[in-house]
There are 2 protein chains.
Amino acid sequence: MGISERKERDKQEMRTKIIDAAISMFLTEGYEKTSIRNIAEKIEYSPATIYLYYKDKDELLYEVQRQAFEKLELEFHEKVTSADPMERLEQLCYTYVRFGKNNKEMYDLMFMMKAPMNCVEEDETWNNNTDSFDFLVKCLSDCMENNLLRFDNVMTAALSVWSMGHGLVSLDVSCRFKAMQMDETSINIAIEEAIGQYLKLIKA
Amino acid sequence: MGISERKERDKQEMRTKIIDAAISMFLTEGYEKTSIRNIAEKIEYSPATIYLYYKDKDELLYEVQRQAFEKLELEFHEKVTSADPMERLEQLCYTYVRFGKNNKEMYDLMFMMKAPMNCVEEDETWNNNTDSFDFLVKCLSDCMENNLLRFDNVMTAALSVWSMGHGLVSLDVSCRFKAMQMDETSINIAIEEAIGQYLKLIKA
DNA sequence: TTAAAATATAAACACTGTTTATTAAATTTG
DNA sequence: CAAATTTAATAAACAGTGTTTATATTTTAA
């Protein structure tokens, strides 16, 4: 029965073909400005064909998000290498913010896009990013077990650290730091300073 | 020459009619899902008429943002009333976060929408929100002049405080706290805790 | 080789923001 | 007051969107 296996391979190949085109276009043009027709044109298939492999445009986004979170997690495992818990936390924070700044469009798809989150729904779909989040929680627990942090609740700690990191990145990604009359390099410096400062503040 | 004045009044009235419809629809349905045709239908005019009063859909958004920032500033002046600088900072932080949580769709238009910021352009358009930001800077300066804060640079301080506040609100608005397996009330409590915690941390 | 199943697509539907040519109304001028 | 002109509103069209359906085309099974 090699035939049905080859068919399955072909199907996966096609899905990959589509998602690769989608990724590259989402990242260069953004989600909204990328149309199914454009993706279809890029892979030289008709628009309707895409709907044989993905339910709708949102499902393309979910898959892209999945891969993006994989990439973030990989970055964590590559860059958060210290044995010292506190040093690990520092590496984690800098890695997170730099990941956002180096992959702005991707960061937008992961953490800022509101459209397909659909606050209401129950969603199996959004079991994403828990890995990365768990990574943070683990790191914070390690610090707090050794009384290295001025937090008394791990979840509040995680919420705080994440919010600080996300605040810095997302205001930058959405260009809101324009409100501060500073040039780009000054802002970049200030952002790194802010992280360092924050890390000092939360140290016990 | 009362005629041209009445015409000017009529024109303003029409602009108000349009923007009021736009606001209410942006806030209930969101910017993307609100169409010019829907707005036109609501005010019982043809879609093309709107273009006689506003250049395009983005210009509607800019006007809505302007009014939203006015509302935030008003809230600041209403709720940030203490004479004590440090107490003022606390009031400011809580006011900001609660404003975001009570006006999620509006907060999205103000601080999260990427579309019409157009990072590149020079924009006179985006002289918004500087008032609110200046309010924060003033508040922080007052604190720091009295050595009440563990910051040594006002701009870094402003960047940090804003990022923390924005991080908390925007992750909530965009439903990303779903990654933490917590119910809504727990998250709301944790957010308020995080602010209190942060304020303690930055106190000298 | 023919019948059946899987795959791809053209065409259509109901939308979108925006522009243009046309019509209707209000105002100014002779 | 009537005619000419400016102003205001719109219908219709353009080029685009996500998505569905009915129609080929190709591949597999009998």
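Bear in mind that the values here come from a model prediction, so they are computed numbers and not experimental data. The sequence lines fix the lettering, A, B, ..., with proteins before strands; numbering per chain opens at 1.
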### Query
How many Å lie between CG on B:Leu61 and P on C:dG17, as a whole number?
13 Å

## Note on the structure
Checking C:dG17, D:dT19, D:dA8 against the side chain of A:Lys57 (C-beta onward), the nearest is D:dT19

### Query
Between D:dG18 atom P and A:Tyr31 atom OH, what is the distance in whole Å?
8 Å

### Task
Measure from the ring center of B:Phe135 to the ring center of B:His77 and say whether it is less than 6.0 Å.
yes

#### Entry: Between P of C:dT16 and CD of A:Glu32, the distance in whole Å
15 Å

### Query
Phosphate oxygens OP1/OP2 of C:dA8: is one of them under 4.0 Å from a side-chain N or O of A:Tyr53?
yes

#### Entry: Given C:dA10, C:dT18, D:dT17, the nucleotide with the shortest approach to the side chain of A:Ser35
D:dT17

#### Entry: B:Leu52 CG - D:dA9 C1' separation (whole Å)
7 Å

### Task
Tell me whether the OP1 or OP2 atom of D:dT17 has a side-chain N or O from A:Asn38 closer than 4.0 Å.
yes

#### Entry: Atom-to-atom span, CD of A:Glu41 to C1' of D:dG16 - whole angstrom
13 Å

### Query
Taking the six-membered ring for Trp, is the centroid-to-centroid distance between B:Tyr62 and B:Tyr54 below 6.0 Å?
no

### Query
How long is the line joining OH of A:Tyr45 and P of D:dA24, in whole Å?
21 Å

#### Entry: Euclidean distance, atom CD of residue A:Glu44 to atom P of C:dA8 [Å, nearest integer]
14 Å

### Query
Is there a side-chain polar atom (N or O) of A:Thr49 under 4.0 Å from OP1 or OP2 of C:dA8?
no

### Query
Strictly under 6.0 Å, is that where the ring centroids of B:Tyr94 and B:Phe99 end up?
no

### Task
Select one nucleotide: of D:dT19, C:dT7, C:dG17, the one nearest the side-chain heavy atoms of A:Lys11.
C:dT7

### Query
Within 45° of the six-membered ring axis of A:Tyr31 and under 6.0 Å from that ring's centre, is NZ or CZ of A:Lys57 located there?
yes

### Ring centres under 6.0 angstrom apart (A:Phe177, B:His166)
no

### Task
Ignoring hydrogens and angles, answer whether the base of D:dG16 and the side-chain atoms of A:Arg37 contain a donor-acceptor pair closer than 3.5 Å.
no

#### Entry: Nucleotide D:dA8, atom C1' - distance to OH of B:Tyr54 in whole Å
17 Å

### Message
Counting only side-chain heavy atoms from C-beta out, which of C:dG17, D:dA11, D:dT20 sits nearest to A:Tyr51?
### Response
D:dT20

